[in-house]
K.L.:
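Pasting a structure below so you can have a look.
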2 protein chains.
Amino acid sequence: MDAKQKFEQFVASEGLRRTGQRTKVLDVFLATERHVTVQELHDLVRKKHKGIGYATVARTVKLICESGLCRQVDFGDGALRYEHKYDHEHHDHLICVECGKFEEIYSPKLEKLQHELVRKYDYVQKSHKLDIFGLCPECAKKNAQKTT
Amino acid sequence: MDAKQKFEQFVASEGLRRTGQRTKVLDVFLATERHVTVQELHDLVRKKHKGIGYATVARTVKLICESGLCRQVDFGDGALRYEHKYDHEHHDHLICVECGKFEEIYSPKLEKLQHELVRKYDYVQKSHKLDIFGLCPECAKKNAQKTT
DNA sequence: GGAGTATTTGATAATGATTATCAATAGCAC
DNA sequence: GTGCTATTGATAATCATTATCAAATACTCC
């Protein structure tokens, strides 16, 4: 099913209303292949649609999360970021603590191990978040030179 | 080496000063086997030592992190939490999204896999954070009853 | 031990992100 | 179209973290 359809279905099933603002925010969000803050998304939305307010963007991106099309990520820089899941596999993040660059990583083995762990504790897994912090090759090189 | 010694050594090595406030905050923090916010830690500290301000607690807990004796955790509830590493192995978290309860989990296999992944991307690993969200056995049971 | 200097402290203000408020607007069911 | 209620947008409130700055204090050198 199409992402927009899925969202509209969710909105309907919750007894909420279909509005132009929600559609527009979703469109811009799906077209953005980045991990945006609400602030950034608001800026992007306003480039195309002047009148849409910050609060509406914030509320809508939360809704999109609830619909399952988006997830929050937190790189520890003080602002929540959002990434949509449309056309994306689940993945984790490898984040450079020096320059902020990151890689999206995925390992089936890792996923499997996690599920085993969760089962061991009798939990029912909903989601997870694995962030690995380190130095990217470039920054690692720079750091090595500095200490020389 | 003792945790307090390690901290004092760190403070000295950074050219910082050894103060009564830092020692007191560290003591209270090490005696707390919980994941505290700065607010909570400040409250705990004030029970024993009236005059210590919020800013000092916030600054000190950051210092403790830098010294390697503490790490930030973020359960997504809007406030950063801190847990000390004294007498604790590294571990990840399994967090119940219903009741907020959590387990500390650890798996050497998982750690090993991560290191392999990081190496694949030529990164130098500094730390990582794995949070798995789900339902604890109790909440899973309650939810199952609701749907019946 | 005492003076000089730079760090630290504590109260408070500033900042920044998120959430709440509320009158005006606009979907939706009839 | 009408009536009801959710939604919107501007703004204020909230909350955690960070910055500010004068006063207090730790450390160095004598």
Side-chain angles (χ1 to χ4, degrees), chain A residues 7-29 35-67 70-82, chain B residues 4 7-29 35-67 70-83:
Chain A
F7 181 65
E8 284 176 12
Q9 189 182 309
F10 171 79
V11 167
S13 73
E14 294 282 308
L16 304 173
R17 289 176 184 171
R18 181 181 165 179
T19 69
Q21 285 91 336
R22 282 179 181 157
T23 306
K24 285 167 188 162
V25 171
L26 180 63
D27 280 347
V28 174
F29 184 49
H35 299 63
V36 291
T37 62
V38 173
Q39 193 62 255
E40 290 166 355
L41 185 56
H42 183 217
D43 290 344
L44 290 172
V45 169
R46 289 184 85 131
K47 277 188 196 161
K48 289 210 170 183
H49 314 284
K50 277 281 171 53
I52 297 184
Y54 180 95
T56 301
V57 174
R59 285 184 288 230
T60 303
V61 79
K62 271 193 137 183
L63 252 193
I64 300 174
C65 281
E66 286 171 39
S67 80
C70 161
R71 71 168 178 157
Q72 272 189 3
V73 292
D74 186 350
F75 291 170
D77 60 348
L80 293 172
R81 293 174 181 279
Y82 297 89
Chain B
K4 290 173 75 172
F7 180 66
E8 283 176 12
Q9 188 183 309
F10 171 78
V11 169
S13 74
E14 295 283 307
L16 304 173
R17 289 175 182 173
R18 180 180 165 178
T19 69
Q21 287 90 334
R22 284 178 179 158
T23 307
K24 285 168 189 162
V25 171
L26 180 63
D27 280 347
V28 173
F29 184 49
H35 301 64
V36 290
T37 62
V38 173
Q39 192 63 256
E40 289 166 355
L41 185 57
H42 183 218
D43 290 344
L44 288 171
V45 168
R46 290 185 84 131
K47 278 190 195 161
K48 289 208 169 182
H49 314 284
K50 278 279 170 56
I52 298 185
Y54 180 95
T56 301
V57 174
R59 285 184 289 232
T60 304
V61 81
K62 270 194 138 181
L63 252 192
I64 300 174
C65 281
E66 285 171 38
S67 81
C70 161
R71 71 166 177 158
Q72 274 189 2
V73 290
D74 185 350
F75 291 170
D77 60 348
L80 293 173
R81 294 173 180 281
Y82 298 88
E83 64 177 352

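A quick note: this is a predicted structure, and the numbers were derived from the prediction, not measured. In what follows, chains carry the letters A, B, and so on, assigned in the order in which the sequence lines appear, proteins first and then strands, with residues in each chain numbered from 1.
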K.L.:
Could you check A:R18 against B:R59 and say which one's nearest nucleotide on DNA chain D is further toward the 5' end?
P.N.:
A:R18
K.L.:
If I compare all heavy atoms of B:A79 with all of B:D74, which pair ends up nearest, and what's the gap?
P.N.:
O-OD1, 4.4 Å
K.L.:
Provide, to the nearest angstrom, the distance between the CZ atom belonging to B:R22 and the P atom belonging to D:dA24.
P.N.:
19 Å
K.L.:
Nearest whole Å is fine: how far is C:dG16 C1' from A:D43 CG?
P.N.:
14 Å
K.L.:
For A:K62 and C:dT18, is the shortest distance between a side-chain N/O and OP1 or OP2 below 4.0 Å?
P.N.:
no
K.L.:
Determine the contact category for A:G78: base if any of its heavy atoms lies under 4.0 Å from a base atom, sugar-phosphate if only primed atoms, P, OP1 or OP2 are that close, otherwise nothing.
P.N.:
sugar-phosphate
K.L.:
Measure from CG on A:L63 to P on D:dT8 and round the result to the nearest Å.
P.N.:
9 Å
K.L.:
So, does the side chain of B:R17 form a donor-acceptor pair with the base of C:dA6 at under 3.5 Å?
P.N.:
yes
K.L.:
Using atom CG of A:D74 as one end and atom P of D:dT17 as the other, report the distance to the nearest whole Å.
P.N.:
12 Å
K.L.:
Round to a whole Å and report the spacing from CD of A:Q39 to C1' of C:dT19.
P.N.:
15 Å
K.L.:
Go through A:V11 and A:E8 one step at a time and tell me if the side chain to side chain contact (heavy atoms under 4.5 Å, CB included) criterion holds.
P.N.:
CA-CA 5 Å; A:V11 167; A:E8 284 176 12; 5.5 Å; no
K.L.:
Which of the following nucleotides, D:dT7, D:dT18, C:dG10, is nearest to the side chain of B:Q21?
P.N.:
C:dG10
K.L.:
I need the CD-P distance between B:E40 and D:dA16, as an integer number of Å.
P.N.:
10 Å
K.L.:
Under 4.0 angstrom, heavy atoms only, what part of the nucleic acid is A:K50 near: base, sugar-phosphate, or nothing?
P.N.:
nothing
K.L.:
So does A:R17 get a backbone contact from the side chain of A:R22, meaning a donor-acceptor N/O pair under 3.5 Å?
P.N.:
yes
K.L.:
Taking for each residue the nucleotide of DNA chain D with the nearest heavy atom, is it B:A55 or B:T19 whose nucleotide lies nearer the 5' end?
P.N.:
B:A55
K.L.:
For C:dT12, does OP1 or OP2 lie under 4.0 Å from any side-chain N or O of B:Y54?
P.N.:
no
K.L.:
Rounded to whole angstroms, how far apart are CG on A:L26 and P on D:dT7?
P.N.:
15 Å
K.L.:
What is the nucleic acid contact for B:G51, judged by heavy atoms within less than 4.0 Å: base, sugar-phosphate only, or nothing?
P.N.:
sugar-phosphate
K.L.:
D:dT17 C1' sits how many Å from B:L41 CG, rounded?
P.N.:
15 Å
K.L.:
Got B:V28 and B:L41 here, is their nearest side-chain heavy-atom distance under 4.5 Å?
P.N.:
yes
K.L.:
Between B:H42 and B:T37 (side chain of the first, backbone of the second, donor and acceptor by atom type, cut-off under 3.5 Å), is there such a pair?
P.N.:
no
